[in-house]
Amino acid sequence: MIAPYYCELSEKFTSIVFLIVDVDELSDFAATWDIKATPTFFFFQNGQQVDKLVGANKPELQKKIAAITDSVPKWQ
């Protein structure tokens with residue numbers, strides 16, 4: 001249900017890498033990252049996890065992405 005919106009965000013925020021992982025196919029990955037519900041969104045900056053969102057909450061997803069992009073210095 002949120003997949004089309006997620007794709008839309010990936011086209012809007014081109015400076016961010018968006019990934020989709022099929023946790024049914026990669027159950028070891030899901031266990032390692034403690035994914036207990038889908039969707040689960042992880043946010044990384046400079047190689048470190050800075051946030052996590054569980055659930056299809058569009059406004060919260062947009063807010064967290066905006067926070068990441070706002071914290072990155074703009075190159076002139």
Side chain to side chain, F18 and E11, heavy atoms closer than 4.5 Å:
no
Rounded distance (nearest 0.5 Å) linking atom CD of E8 with atom CD of Q62
9.0 Å
Using side-chain heavy atoms (C-beta onward) and a distance below 4.5 Å, is F43 in contact with L61?
yes
Are I20 and Y6 side-chain neighbours, meaning at least one heavy-atom pair lies under 4.5 Å?
yes
Between OG1 on residue T69 and NZ on residue K64, distance to nearest 0.5 Å
13.5 Å
Kindly give the heavy-atom pair with the smallest separation between K52 and T40, and that separation in Å.
CE-CG2, 3.7 Å
Under a 4.5 Å side-chain heavy-atom rule over Ile, Leu, Val, Met, Phe, Trp and Tyr, are L19 and L53 clustered together?
no
In this structure, would Y5 and F13 fall into the same cluster of hydrophobic residues linked by side-chain contacts under 4.5 Å?
yes
Taking the side chain as everything from C-beta on, heavy atoms only, tell me whether I2 gets closer than 4.5 Å to F41.
yes
Is it true that F29 and F42 fall in one hydrophobic cluster, defined by side-chain heavy atoms closer than 4.5 Å?
yes
Is there a path from V50 to L9 through hydrophobic residues (I, L, V, M, F, W, Y) whose side chains come within less than 4.5 Å of each other?
yes
Please give me the minimum heavy-atom distance between Q45 and I68, naming the atom from each residue.
NE2-O, 3.8 Å
If you measure from CG on L26 to OG1 on T32, what distance do you get to the nearest 0.5 Å?
10.0 Å
Shortest non-hydrogen pair, Q49 vs F44, comes out as N-CD2, 3.4 Å
